[in-house]
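All figures in this text were calculated on a predicted structure; none of them were measured in a lab.
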Amino acid sequence: LPNIAIAPSSPTACSGGGLTLTATGALTYSWSIGANSSSIVTLAGSAPCYSVSGSNASGCTNTAVFCANILAAPQLSIAGSNSMCLGSSLTLTASGAATYTWNTLPLIISPTINLLPMSMQVTTVTGTALNGCMAQSTFALMPDTSCAIVWPGDANSDGNVDLTDVLEIGLSFGSTGAVRPLANNGFTGQQTQVWAGTGSTGNNRCHIDCDGNGTIGLSDTAAIIQNFAQNHAFRQSAAAGNDLLLKMSAVCEEAKWSYMDIELKPTSTNTTNVYGLGFQINYDASKIENGKINIEYPQSFLNTGTVIPFRKVDSGSGACAIVRTDGAGINGSGRFVRILFRPLPGTAGSTLAFTVSQGLKFSPDGSVTNLNPVTGTVIITASSTGLSPLTGEAPITVYPNPAKDKVYFRGTDSSAINYTISDMTGRIITAGTVNDSRTVDIHQLQGGTYLVTMEQSGIKQLQRLIKLN
């Protein structure tokens, strides 16, 4: 009789998994499941045992039986609602196994997963039991596209409140839609009716109406300021890019206003199709008079019309952005923001450092490019000889002081300021009138001390000015 044997592909098999059985010892075979080949592939657990009859060349037959050691596969289940408002976050929880892997990019290995479905979505989880057996389960999600959940301040609905949300307001400036019921700026999910159209991230435009009044405008930045740095989901990283440039005098005087400009470098690869710029700034608040730091957005290559000037200044830090509202990017470089500051009396002889980081370039298509950080340091000097530190605001003043190339005049109102610059003997070196620009070029003056006489609306002011070489 032929000596029939059955060899399995594995000594154990998971229920429902493939199992290969191979018979040897004969010329022909006949299996209990009807197959006539030497090998068969079957689903483990579909039958408790398998038998095969084999015949040799003499026509003699014999039979062998194999009973598989079947391991139980995990019985997976997924808990969670399969209906939610568009843009609302949903948590799914898998159970029935020891470990779980979700088919996301990147893969998430966890019993739970948070999703933000924007359309019909089918999610699959693979569970592995302690015995090594695996099983899969799927869950279909269908968001209700007639409603959405708005988190005030998260205008682009990426889960974070940051400077990129200012961009969204600029891209959809003036758009209108349904007023959000019971709207407030608290950072909670608030249900509303969806609007027509989407923002740059593909999310419904109702998210950009941060204050819920039915119109996208400057008032929506209040929610960004209130909820800045809050988050409720995940977000993608921006692409990498080039430098900003920080321009400031080498020295400044204690108790007197000075300034620094932040520019987009002309050598940067990011000077085309600019729709907005943003950054974070950090400084030593212990060397600045309380509340004496201001952020201004003067006319620039970027500020040529209606813009959104965003500023959130705290003690020692600030978040700033300027975004256009006309839907058109612009090519250009140079200064786009001026930061005015006044060092504390008694800080002479120390240095004051400013760090500009998390720079962002916004494009009209909603894309964001990172700009590398930059740091600048200024030396604080004592007040000019013969002049006492200011104890209050002068009605008319010239700054920075000391200065090298340009000075700026600040007055009581927007009317013209007449000025003369004289040397210490009283000889007039130059004179003129400043209007909107408030700027005078002094680079041609020799280094030294000068007297500046200013007059505006009947008010006269005398100030000593130090010109640096």
Side-chain angles (χ1 to χ4, degrees), residues 247-263 288-289 291-307 309 311 322 334-343 345 378 380-381 383-469:
K247 279 192 174 181
M248 60 197 307
S249 298
V251 296
C252 66
E253 288 189 57
E254 61 181 357
K256 291 189 177 180
W257 283 101
S258 189
Y259 74 95
M260 65 176 181
D261 288 336
I262 300 177
E263 300 183 358
I288 300 288
E289 290 189 42
K292 300 302 182 182
I293 184 162
N294 298 324
I295 297 169
E296 297 180 352
Y297 297 99
Q299 277 197 323
S300 65
F301 77 97
L302 188 59
N303 183 5
T304 59
T306 302
V307 296
R311 52 181 72 82
I322 177 173
R335 180 189 69 175
F336 64 95
V337 64
R338 168 158 291 174
I339 298 179
L340 304 167
F341 60 94
R342 198 163 80 175
V378 61
I380 304 174
T381 64
S383 297
S384 304
T385 303
L387 294 181
S388 300
L390 293 176
T391 56
E393 292 292 331
I396 313 171
T397 186
V398 60
Y399 65 94
N401 193 2
K404 183 177 181 181
D405 297 318
K406 294 180 180 180
V407 291
Y408 300 84
F409 290 85
R410 182 188 296 110
T412 58
D413 52 44
S414 60
S415 62
I417 299 175
N418 299 315
Y419 71 91
T420 60
I421 300 178
S422 308
D423 63 19
M424 297 305 291
T425 67
R427 182 171 61 95
I428 296 177
I429 305 301
T430 184
T433 301
V434 292
N435 293 292
D436 293 338
S437 67
R438 295 287 201 252
T439 306
V440 173
D441 189 341
I442 62 167
H443 79 277
Q444 77 281 3
L445 297 184
Q446 297 295 317
T449 302
Y450 295 85
L451 293 175
V452 181
T453 303
M454 298 162 283
E455 181 180 4
Q456 182 189 43
S457 302
I459 300 174
K460 288 187 177 181
Q461 183 77 26
L462 178 65
Q463 183 174 333
R464 191 168 298 190
L465 172 68
I466 296 177
K467 168 65 169 64
L468 301 174
N469 287 322

Self-check item: Polar contact flag, side-chain donor to acceptor under 3.5 angstrom, Gln463-Thr397
Solution: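 There is such a pair (donor and acceptor under 3.5 Å, judged by atom type) between the side chains of Gln463 and Thr397.
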Quiz item: For residues Thr304 and Gln299, is any side-chain donor paired with an opposing acceptor at under 3.5 Å?
Solution: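 There is no such pair (donor and acceptor under 3.5 Å, judged by atom type) between the side chains of Thr304 and Gln299.
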Self-check item: Pair Tyr259 + Phe341: ring centers closer than 6.0 Å
Solution: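 Distance test on ring centres: not under 6.0 Å, no.
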Side chains of [X] and [Y]: closer than 4.5 Å at any heavy-atom pair?
X: Val440; Y: Tyr419; answer: yes
X: Arg410; Y: Trp257; answer: yes
X: Pro298; Y: Phe336; answer: no
X: Val434; Y: Thr439; answer: no
X: Tyr408; Y: Val398; answer: no
X: Leu340; Y: Ile293; answer: no

Quiz item: Considering residues, nucleotides and ligands other than Glu296, do more than 12 of their heavy atoms fall under 6.0 Å from its CD?
Solution: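 Atom CD in Glu296 is packed in, count exceeds 12.
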Quiz item: Around Gln446, counting heavy atoms of other residues, nucleotides and ligands shown, do more than 12 lie under 6.0 Å from its CD?
Solution: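 Not more than 12 within 6.0 Å, no.
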Quiz item: Under 4.0 Å between a Lys/Arg side-chain N and an Asp/Glu carboxylate O for Asp441 and Lys406?
Solution: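 Not counted as a salt bridge, because no side-chain N and carboxylate O are separated by less than 4.0 Å.
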Quiz item: What is the minimum heavy-atom distance between Ser415 and Arg438, and which atoms define it?
Solution: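 Heavy-atom minimum between the residues: O-NH2, 3.0 Å.
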Quiz item: Distance from Thr449 atom OG1 to Ile466 atom CD1, nearest 0.5 Å?
Solution: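 Reported value, rounded in 0.5 Å steps: 5.0 Å.
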Quiz item: Between OG1 of Thr453 and CD1 of Ile428, what distance do you get to the nearest 0.5 Å?
Solution: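 Those atoms lie 8.0 Å apart.
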Quiz item: So, does Lys467 use its side chain to make a donor-acceptor pair with the main chain of Gly448 at under 3.5 Å?
Solution: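 Not a single qualifying donor-acceptor pair exists.
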Quiz item: Do side-chain atoms of Gln456 reach the backbone of Asn418 as a donor and acceptor pair under 3.5 angstrom?
Solution: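 No, because the side chain of Gln456 does not come within donor-acceptor range (under 3.5 Å) of the backbone of Asn418.
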Quiz item: side chain to side chain donor-acceptor pair (under 3.5 Å) with Asn294: which residues, sequence neighbours excluded?
Solution: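 For Asn294 there are no side chain to side chain donor-acceptor pair (under 3.5 Å) partners, ignoring immediate neighbours.
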Practice problem: Please list, chain by chain and in numerical order, all residues satisfying side chain to side chain contact (heavy atoms under 4.5 Å, CB included) with Arg311, sequence neighbours excluded. | Solution: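 Counting only residues at least two positions away or on another chain, Arg311 forms a side chain to side chain contact (heavy atoms under 4.5 Å, CB included) with Ile295, Tyr297, Pro309.
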